[in-house]
2 protein chains.
Amino acid sequence: MSVEQCVRFLLELDQLKKVIRKTKITGGERNENSAEHSWQIALMALALEPYAEEPVVIDRVVRMLLLHDVGEIDAGDVIVYAKVDAAQRSAEELSGVKRVVGTLPQEQAAPLIELWKEFEAAQTPEARFAHAMDRAAPVLLHLSNGGHGWREYGITYERVVSRIRGEIEQGCPALWLYVEARLKEAQQQKWFGDEI
Amino acid sequence: MSVEQCVRFLLELDQLKKVIRKTKITGGERNENSAEHSWQIALMALALEPYAEEPVVIDRVVRMLLLHDVGEIDAGDVIVYAKVDAAQRSAEELSGVKRVVGTLPQEQAAPLIELWKEFEAAQTPEARFAHAMDRAAPVLLHLSNGGHGWREYGITYERVVSRIRGEIEQGCPALWLYVEARLKEAQQQKWFGDEI
């Protein structure tokens, strides 16, 4: 029965509420999880659509962002500054996406898995814009919390910029200009860590 | 500067992560918040689209669900079984939506506020389907957690059914048949409270 498959999907998705990210929510009282993060950047994309580097079909971006972290249910969250094998990491996430989305009937699962792959490949305007949201949101939360996380994990200004600039600038150039200006202010306030 | 307005919107949205609902996540370790709930039912809607009572423009449903609880940032969450003044409650939520979404430029804010009003009025196929998701998800989580919340709050089987049946059945009849069957099983297992 296919409604039952949808309910199994819902309950599998629930596990993403338990995947804890390194980013604190505003005010700093706890770390955010990947489910609420996905919600937040989907709405962020709706707001920033006029600033996409190329015109995007925004509802495809929203779907991508709702799905983009589902693979973490099996693969876990890894901070963006970690030195991991990107290909292996991507394969682990794809495996997770296939398992979770695969609780749905094949004709529904297949396009969602394709959409996740499109996000991951970051070659289309929608995927690039989605990546810009995903990269910028934690930085904006860090900035709202006095740079928490950067000092704690010894992350330098240069490392932040080199890791996030490309994706934000390619997907949403105006957002990068804003983020860069705020990062420079943060640098002056010594919110970054020292290279270990 | 409008990118700055979008960033303010992002940071305002963050407050919804702090609005705690009465529903436990699967496993029962904590209550869910309204941000992650919104994410979950947006994906639930994508999955259940084939079972909508009338054909829906699913991306409008997704947007509605992403936005539907934003008014709780100011108005707080109220359990669906609470006896509240519905008109006053709706006015408080609308006021919250207008304030939060109103951080965006007017031309972006206006259609989002209209979409929220459409959801609230529950008169269109999209809004009715969205309401079905919103009503069914906590019940499905309660069922996955052995009925937690019903006993605790003294909520009877009849009260659950009378409160949720209409909205789920009108928006997604096949989902109601599934939920009803599960609720009857739960009743046999004495998962419901007694009327106080």
Report whether B:I25 and B:V139 are members of the same hydrophobic cluster (ILVMFWY, side-chain heavy atoms less than 4.5 Å apart, transitive linking). no
Under 4.5 Å between any side-chain heavy atoms of A:E36 and B:D14, yes or no? no
Carboxylate-amine/guanidinium contact A:D59 B:R63, below 4.0 Å: yes
A:L66 and B:W39 have their tightest heavy-atom pair at O-NE1, 2.9 Å
In terms of heavy-atom contacts, B:L11 and A:L140 come closest through CD2-O, 4.2 Å
Heavy atoms under 4.5 Å from chain A: which residues of residues 88-100 of chain B carry them? none
Heavy-atom contact with chain A under 4.5 Å, split by part of B:R30: side chain
d(A:Y51 OH, B:C6 SG) to nearest 0.5 Å is 5.5 Å
Membership question, hydrophobic clusters at under 4.5 Å side-chain separation (ILVMFWY): are A:I73 and A:I20 in the same one? no
Partner chain B: residue of A:V62, A:L104, A:V7 with the largest heavy-atom pair count (under 4.5 Å): A:V7
What are the two closest heavy atoms between A:T26 and B:K18, and how far apart are they? O-NZ, 2.6 Å
Largest heavy-atom contact set with chain A, pairs under 4.5 Å, which of B:N33, B:V179, B:I41, B:L175: B:N33
Where along residues 43-50 of chain A does a heavy atom come under 4.5 Å of chain B, listed by residue number? A:L43, A:M44, A:L46, A:A47, A:L48, A:P50
The side chain to side chain contact (heavy atoms under 4.5 Å, CB included) partner of B:K17 among A:E29, A:Q40, A:H37 is A:Q40
Linked, directly or transitively: A:V57 and A:M133 (ILVMFWY side chains, under 4.5 Å): no
